[in-house]
Amino acid sequence: MPNPDDDSGPLRPRWRLSTFEAWLASRPGPGRRAPDIGDDPLLSITEMAALAKMHRQSIYTLRSKGEFPAPDDTAVRTRPRWRKSTFDRWVADRPTPGARRNQGQGPASRQAQAGNQEDNQPDLGCKP
């Protein structure tokens with residue numbers, strides 16, 4: 001709120017209508033955001049979930065784990081928005097679902113490596 005025009009006491013601040021209307025016009029909030037006319041629009045969680053083909057709750061879960069980028073626009077605390085470029089970067093850096101993080105470190109890979117090591121060992125028990 002703007003500073004009161006007439007401060008008759010801490011419990012009865014008063015504003016002129018012109019002061020309040022000027023403050024209201026300059027205040028960011030739902031419906032008062034600047035339109036996205038650039039090449040990098042702002043996306044809501046619902047829009048990002050649709051683009052990523054995942055449920056909106058999954059994005060909330062990733063945010064709580066710290067695995068999702070911070071919002072680019074926090075003018076309205078309950079409706080964070082991200083730039084499309086931020087979202088595209090996150091999609092590009094994100095591992096594909098079902099992919100192993102440590103390639104070549106699974107049990108089958110270890111067995112193959114052990115088999116290769118056995119094949120490379122000289123056979124000391126047999127004479128040619």
Side-chain angles (χ1 to χ4, degrees):
M1 294 288 295
N3 292 328
D5 293 320
D6 178 22
D7 197 5
S8 301
L11 300 177
R12 295 194 179 257
R14 297 181 185 190
W15 294 267
R16 290 191 177 94
L17 182 59
S18 60
T19 303
F20 184 75
E21 287 175 341
W23 170 78
L24 189 60
S26 68
R27 183 175 173 257
R32 285 272 182 209
R33 294 178 171 176
D36 291 323
I37 54 175
D39 293 335
D40 198 9
L42 289 166
L43 304 172
S44 68
I45 285 185
T46 305
E47 293 167 328
M48 288 189 301
L51 288 173
K53 296 180 178 145
M54 60 192 318
H55 196 273
R56 191 180 70 203
Q57 185 60 41
S58 299
I59 293 180
Y60 287 118
T61 303
L62 290 171
R63 281 186 72 194
S64 69
K65 291 179 179 178
E67 297 175 9
F68 200 77
D72 295 313
D73 177 30
T74 55
V76 179
R77 186 179 57 85
T78 58
R79 294 182 181 247
R81 299 190 304 171
W82 290 260
R83 293 255 172 233
K84 180 141 180 16
S85 60
T86 303
F87 175 73
D88 292 339
R89 237 182 348 267
W90 174 75
V91 169
D93 294 343
R94 187 170 182 239
T96 56
R100 290 190 154 183
R101 291 185 182 210
N102 297 328
Q103 291 293 339
Q105 299 299 320
S109 178
R110 281 190 227 119
Q111 288 174 354
Q113 288 174 355
N116 289 342
Q117 288 175 352
E118 289 173 5
D119 291 341
N120 293 335
Q121 297 292 326
D123 191 6
L124 301 175
C126 296
K127 293 183 181 177

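Predicted, not measured: the structure shown is a model, and the values here were computed from it.
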Legend entry - Distance-minimising heavy-atom pair for R16 and D5: N-OD2, 2.6 Å
Legend entry - Interatomic distance, H55 atom NE2 to T46 atom OG1 [nearest 0.5 angstrom]: 9.5 Å
Legend entry - R83 side chain vs D40 backbone, donor-acceptor pair below 3.5 Å: yes
Inset, instruction - Starting at OG1 of T19, measure out to CD of E21 and round the result to the nearest 0.5 Å. - result: 9.5 Å
Inset, instruction - State whether D93 and R89 are salt-bridged, where the test is any N-O pair (Lys NZ or Arg NE/NH1/NH2 against Asp/Glu carboxylate O) under 4.0 Å. - result: no
Inset, instruction - Determine the sole option in F68, W90, F87 for which the ring-ring contact (aromatic ring centres under 6.0 Å, His included) test with W82 is passed. - result: F68
Inset, instruction - Give the minimum heavy-atom separation between L43 and K84, together with the two atoms involved. - result: CD1-CA, 3.9 Å
Legend entry - From CG (L62) to CD (Q57), nearest 0.5 Å: 10.0 Å
Inset, instruction - Quick one: closest heavy-atom pair of I45 and R63, and the distance? - result: CD1-NH1, 4.1 Å
Legend entry - E67 side, atom CD; T61 side, atom OG1 - distance, nearest 0.5 Å: 10.0 Å
Legend entry - Atom pair CG (D73) and CZ (R81), whose distance is rounded to the nearest 0.5 Å: 4.5 Å
Inset, instruction - Enter the distance from D72:CG to T86:OG1 here, rounded to the nearest 0.5 Å. - result: 3.5 Å
